[in-house]
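For reference, the structure discussed in these notes is given below.
Just the heavy atoms: all of them, side chains too, but no hydrogens, waters or symmetry mates, feed the values below.
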Amino acid sequence: MAPNKTVLPHGSRRAGLLLAVLLGVAGCSSAPTPPPRLSPPLPDAPLDLTQFTTKPCDLMTHDQLVTFFVSSPGTTATAGGKTACTWIPRDTKALSYVASVDTTSGGLEALYHHRAAVPGFAPVSVHHYPGIHRDNGDGHCTVETGVAEDTLLTVTVTATDPKLDAYSDPCYEADRFAGSMIAYQANRAP
């Protein structure tokens with residue numbers, strides 16, 4: 001006696017074959033490749049500055065601020081959903097340093113993707129971290145430094161007195177101020 005054979009109806013065989021083909025194709029396909037990175041890579045030690053998004057005045061110590069001739073604590077203000085700290089040196093009212101931490105805009109990579117719309121976009125390195133200068137001109141410069149994949153440290157220097165060194169080279173001063181913050185925070189990291 002011959003063993004019992006189960007014969008599937010013709011439509012069921014097609015469905016089984018179609019399922020096998022789909023599973024085979026699904027097993028061979030891979031996830032789409034991400035677009036190439038536009039911004040420079042970050043150092044191996046990203047900085048977690050999230051605690052400073054609401055307390056940017058804590059980014060620097062009193063001793064660091066004194067090197068910039070700032071002796072009084074900074075003042076905070078919120079604009080556009082971001083909290084920034086402003087410091088003014090004791091020897092002049094014609095110079096200010098403003099800093100904030102941004103964890104919501106997409107980091108440095110987002111800036112690179114929208115670089116055509118960023119006035120004065122110029123790549124820079126601040127204490128080994130990649131960043132950009134923007135809005136630079138006589139007496140004014142903003143440096144945005146990528147300190148983690150989704151985090152930017154933003155420092156703006158504004159000098160209104162043409163006799164100040166910061167007036168003729170505000171980006172140097174912005175980089176120096178941001179670099180001091182980054183160095184301090186990098187040394188605090190566990």
Keeping [X] on the side-chain end and [Y] on the backbone end, is there a donor-acceptor pair under 3.5 Å?
X: Asp48; Y: Thr50; answer: yes
X: Gln64; Y: Ser180; answer: yes
X: Arg176; Y: Glu173; answer: no
X: Glu144; Y: Leu108; answer: no

Self-check item: CG (Asp161) with more than 12 external heavy atoms under 6.0 Å
Solution: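 Result for CG/Asp161: enclosed.
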
Practice problem: Report, as yes or no, whether the 6.0 Å neighbourhood of atom NE2 on His114 holds more than 12 heavy atoms from other residues, nucleotides or ligands. | Solution: no

Reported [atom1]-to-[atom2] distance for the pair [X] and [Y], which is rounded to 0.5 angstrom:
X: His62; Y: Ser71; atom1: NE2; atom2: OG; result: 7.0 Å
X: Met181; Y: Leu49; atom1: CE; atom2: CG; result: 9.5 Å
X: Arg90; Y: Leu65; atom1: CZ; atom2: CG; result: 11.0 Å
X: Ser168; Y: Lys163; atom1: OG; atom2: NZ; result: 14.0 Å
X: Lys55; Y: Thr76; atom1: NZ; atom2: OG1; result: 10.5 Å

Can you hop from [X] to [Y] via hydrophobic side chains spaced under 4.5 Å?
X: Val70; Y: Met60; answer: yes
X: Val98; Y: Tyr184; answer: no
X: Val157; Y: Leu164; answer: yes

So do [Y] and [X] actually touch side chain to side chain, heavy atoms under 4.5 Å?
X: Leu59; Y: Leu153; result: yes
X: Phe177; Y: Thr156; result: no
X: Gln51; Y: Asp58; result: no
X: Thr154; Y: Ser100; result: yes
X: Pro130; Y: Leu42; result: yes
X: Glu109; Y: Glu149; result: no
X: Leu47; Y: Tyr129; result: yes

Exercise. Please state whether the rings of Phe121 and Tyr112 are parallel, tilted or perpendicular, taking 30° and 60° as the class boundaries.
Key: perpendicular

Self-check item: Among Val143, Leu111, Leu152, Thr145, side chain to side chain contact (heavy atoms under 4.5 Å, CB included) partner for Ile132
Solution: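 Testing each of Val143, Leu111, Leu152, Thr145 against Ile132, the sole residue satisfying side chain to side chain contact (heavy atoms under 4.5 Å, CB included) is Leu111.
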
Would you name the heavy atoms of [X] and [Y] that are closest together and state the gap between them?
X: Cys85; Y: Gly74; result: SG-CA, 3.6 Å
X: Trp87; Y: Pro56; result: CH2-O, 3.7 Å
X: Ile88; Y: Ser96; result: CG1-CB, 4.2 Å
X: Leu95; Y: Ala166; result: CD1-CB, 3.8 Å

